Number of protein chains: 2
Amino acid sequence: METVGTVVGALPRPGLRERKKQRTRDALVRAALELIATHGYERTTVDDIAEAVDVSQRTFFRYFASKEEVALFAPRLAESHVIDAVRARPPDEVPLEALRRAVLDSWDDINAAVEQLVPLELHMRVYRVIESTPALLAAHLRRAAELEEELARIIAERERLDVDADPRPRILLAAFGGVIRVTERLWSAGDDLGVDAMRDLMATYLDQLGPALAGNWRAG
Amino acid sequence: METVGTVVGALPRPGLRERKKQRTRDALVRAALELIATHGYERTTVDDIAEAVDVSQRTFFRYFASKEEVALFAPRLAESHVIDAVRARPPDEVPLEALRRAVLDSWDDINAAVEQLVPLELHMRVYRVIESTPALLAAHLRRAAELEEELARIIAERERLDVDADPRPRILLAAFGGVIRVTERLWSAGDDLGVDAMRDLMATYLDQLGPALAGNWRAG
DNA sequence: TGTCAACTGTCAGTGGCTGACATTAGCCTC
DNA sequence: GAGGCTAATGTCAGCCACTGACAGTTGACA
């Protein structure tokens, strides 16, 4: 997308123009999240956000395709980390275990990346807004579905399977993704916020996947 | 919501006013689905739909909270059938089996209910539009999440568990719902449309849930 | 038949989002 | 380092989903 101009390297410090763009983008995200966390999603207008950063509304829409996109900026950051983590898993691991460890192990990286943008505390407040705002939750779930598809392909490749021929990768991801979302929701609904609490919850719940599907709960 | 006026019964034929309302609602749904299937969701405006039924746009919004709501009318019809079917399952069935049979067995009822409103063929065309339209898919997924929560509560009750204490009902539904959605998506993407094809696909995929979670795929 | 309540239409307005066009401001070359 | 190129921005006009307020119409029911 973005050409560098000098070398293919990538490291050389970008020009003033590029730095300005980055600053504007960051400022928009920060202002948006702050406003959304404070006043709620629907009561925050795009004009509010643009004004807070002192740019025109039109400029906002040149950085983000929609108001939803800014609000979901942090969750998107997390996704790319998970994808990388899954790709980095040793190939001898069993699929479910690879997913499980990828998510749990990349947790710290994710939080560090988020914190670089906004304070974690603000991020968590936004998260609650996401879960409680229908339009936002819908967009979040749709993105989650896309991520599942992506991960299913990665898992299929790991196992040298054809995603379209063998249903197991997609089914596994459907189940796995479902559990992740359940934990997200419960975490955001509870009082015990804090990122470690969420990781623990995920670990616990993932371990319950087998038992939940198992035949007789009453016997167990 | 709607009071009957005469008896609590419900059977007595509703008055003219009520019948007129029902006719308008049906006409709006039918016109909307027809237009959406033909021209796509985004290129169908609410004004188009209202005009096709010869009512004002304002009236449309008195019947439906949003344009999405009309488009997703049929899927909603299906949901209530599934809920009833799960409730009707014998209590000695294991949870996963109860869900599985409820969905598969209520299939014919669902299709009959849908057909009473619009031809199945039209319904299937709309379904493809839903899957391929981001905004609609998002709304659909959000509703699916709500349905999962509802069913999780029902299953918990069956098993005499506290949903908030035991994670298994929600986890089970997350996995189950995930598989259902995978089949919906694959079905809508393929060429072999037809409602029976979808039920068969669901049955097959649900059977793959265990194997997908099982340890080593390569061992077979 | 007249009164009440529900249903509908009209109108005005908000907010998300887009295309078109003019202006500004980095960048790069000579 | 002046000038041309191009990317980034602002302004403006407009579409569409959706809502509140008010007025007119039409079933319901005594």
Side-chain angles (χ1 to χ4, degrees), chain A residues 1-7 12-28 31-32 35-36 39-73 133-136 138-139 142, chain B residues 1-7 12-28 31-32 35-36 39-73 133-136 138-139 142:
Chain A
M1 293 279 113
E2 320 254 321
T3 48
V4 177
T6 51
V7 223
R13 188 167 180 237
L16 171 59
R17 185 179 269 168
E18 212 54 40
R19 274 177 286 143
K20 249 187 168 173
K21 262 170 58 180
Q22 192 58 47
R23 277 217 318 268
T24 305
R25 186 191 309 279
D26 287 356
L28 282 171
L35 287 168
I36 287 170
H39 307 298
Y41 180 71
E42 270 132 12
R43 278 181 306 194
T44 301
T45 71
V46 173
D47 283 327
D48 291 341
I49 302 168
E51 194 178 359
V53 181
D54 203 50
V55 297
S56 68
Q57 192 216 49
R58 196 66 181 84
T59 292
F60 172 92
F61 281 111
R62 288 199 178 95
Y63 281 91
F64 303 97
S66 63
K67 195 171 78 164
E68 284 164 10
E69 197 176 305
V70 228
L72 297 175
F73 194 86
T133 306
L136 229 37
R142 188 177 54 95
Chain B
M1 291 279 116
E2 319 253 325
T3 47
V4 176
T6 50
V7 223
R13 188 173 183 228
L16 171 57
R17 185 178 266 170
E18 211 55 39
R19 275 177 284 144
K20 249 186 168 174
K21 263 170 56 180
Q22 191 58 46
R23 277 216 319 268
T24 304
R25 186 191 307 281
D26 287 356
L28 281 172
L35 286 167
I36 288 171
H39 306 299
Y41 180 71
E42 269 131 12
R43 279 182 307 196
T44 302
T45 71
V46 173
D47 283 326
D48 291 341
I49 301 168
E51 194 179 0
V53 181
D54 203 52
V55 296
S56 69
Q57 193 217 48
R58 195 66 181 85
T59 292
F60 172 92
F61 282 111
R62 288 200 178 97
Y63 282 92
F64 303 97
S66 64
K67 195 171 79 165
E68 284 162 9
E69 197 176 304
V70 226
L72 297 175
F73 194 85
T133 305
L136 273 183
R142 187 177 55 89

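Everything quoted here is computed from the prediction, not taken from an experiment. Below, read A as the first sequence line, B as the second, and so on, with proteins coming before strands; counting in each chain starts at 1.
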Closest-nucleotide 5' rank along DNA chain D - winner of A:Thr59 and B:Ala65: A:Thr59
OP1, OP2 of D:dA8 versus side-chain N and O of A:Tyr63: anything below 4.0 Å? no
B:Glu68 atom CD is separated from D:dC16 atom C1', nearest whole Å, by 14 Å
Measure CZ/B:Phe64 against P/D:dC16 and give the value in whole Å, please. 21 Å
Could one point to a donor on the side chain of A:Arg62 or the base of D:dG10 with an acceptor on the other under 3.5 Å away? yes
For B:Glu69, does the CD atom have more than 12 heavy-atom neighbours from other residues, nucleotides or ligands under 6.0 Å away? yes
Atom CG of A:Asp47 to atom C1' of C:dT18: distance rounded to whole Å? 15 Å
Would you kindly give the CZ-to-P distance between B:Arg43 and D:dC15, to the nearest whole Å? 18 Å
Taking the minimum atom-to-atom distance to the side chain of B:Phe61, which one of C:dG9, D:dC16, D:dC18 wins? D:dC18
What is the distance, rounded to the nearest whole Å, between atom CZ of B:Arg19 and atom P of C:dA6? 19 Å
Whole Å only: how far is the CZ atom of A:Arg17 from the P atom of C:dC27? 6 Å
CD of A:Gln57 versus P of C:dC17: gap in Å, rounded? 9 Å
Rounded to the nearest angstrom, tell me the gap between atom NZ in A:Lys67 and atom P in D:dC18. 14 Å
Quick check for you: to the nearest 0.5 Å, what is the distance between B:Thr59 atom OG1 and B:Leu28 atom CG? 8.5 Å
Donor-acceptor under 3.5 Å (A:Arg19 side chain, A:Pro14 main chain): yes
Does B:Asp26 use its side chain to pair, donor to acceptor, with the backbone of B:Arg23 at less than 3.5 Å? no
May I ask you to evaluate whether A:Lys20 reaches the phosphate of C:dA25, defined as a side-chain N or O under 4.0 Å from OP1 or OP2? no
What's the closest nucleotide to the side chain of A:Ser66 if the choices are C:dC17, D:dG27, C:dG15? C:dC17
Do the side chain of A:Tyr41 and the main chain of A:Glu68 share a donor and acceptor less than 3.5 angstrom apart? yes
Within the pair B:Ser56 and C:dT10, is there a side-chain N or O less than 4.0 Å away from OP1 or OP2? no
Polar side-chain contact A:Arg58-C:dG19 base: donor and acceptor under 3.5 Å: yes
Can you tell me if the side-chain N/O atoms of A:Lys21 get under 4.0 Å from OP1 or OP2 in D:dA8? yes
